[in-house]
Amino acid sequence: MINVLFVCLGNICRSPMAEAVFRKLLKMENMTDKIEVDSAATSSWHIGSPPHRGTLKILQEYNISSEGLVGRQLTKENFFQFDYIVGMDESNLSNIFEITGQPNHPKILRLLDLTEHKKDVPDPYYTGNFQETYQLVTEGCRALLEKICVEHNLKK
Ligand code: 4NP
């Protein structure tokens, strides 16, 4: 099994959105038996919380299940349990390095560095624009799945 972990600051807006979008991609490509997905926060602020209502609304709008999305915090052990640890912005990456104690490891990535955008995923908690974030997260998830398929010689 290949394990993918999306990480953001609160685990209520961007990373649960990415988890849900990526899981739907896996279902559509019949790859749920090969790749598993989870998400986590660098902060402890929203442990046990459901996603932000804006994230729930946009997932519903695109007919994507939000089942099982519950806030949790990244742990040091997660570094060893996951094959791809994907942050949403630069500050997530710094915080991931701090928590895991593993700076600049190739399994730690910034989502949109896999796309032509090469920028942070804007945080809708502050921008209020869940639609913009959804479009970028979706693009990033598609690019991530491509990368995984190439690296593990998987056929979609
Ligand atoms: P996220 O957004 O990192 O995409 O989940 C945030 C969620 C909560 C807070 C900040 C950002 N907060 O300050 O509680």
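Whatever order the structure lists them in is the order used to number ligands and atoms, beginning at 1.
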Checklist entry - Under the 6.0 Å and 45° cation-pi test, does K147 pair with Y84? => result no
Next on the checklist: R14 versus ligand 1: do any nitrogen or oxygen atoms come within less than 3.5 Å of each other?
Outcome noted: yes
Checklist entry - Which heavy atom in A40 sits nearest to a heavy atom in S15, and how many Å separate them? => result O-OG, 3.6 Å
Checklist entry - Is the shortest N/O to N/O distance between I12 and ligand 1 below 3.5 Å? => result yes
Next on the checklist: So if I count the atoms of ligand 1 from 1 in the order they appear, which ones are less than 4.0 Å from some heavy atom of N11?
Outcome noted: 5 (O)
Checklist entry - Under 30°, 30 to 60°, or over 60°: which ring-plane class applies to F6 and F22, parallel, tilted or perpendicular? => result perpendicular
Checklist entry - Non-hydrogen atoms of H46 versus ligand 1: any pair closer than 4.0 Å? => result yes
Checklist entry - Numbering the atoms of ligand 1 from 1, which are under 4.0 Å from a heavy atom of L9? => result 3 (O), 10 (C), 11 (C)
Item to check | ligand 1-proximal atoms of D123, by part, heavy-atom distance under 4.0 Å | outcome: side chain
Next on the checklist: Using a 6.0 Å cut-off, check whether atom CG of D33 has over 12 heavy atoms from anything other than its own residue.
Outcome noted: yes
Checklist entry - How about F97 and H105: are their ring centroids closer than 6.0 Å? => result no
Item to check | Nitrogen or oxygen atoms of C8 and ligand 1 under 3.5 Å apart | outcome: no
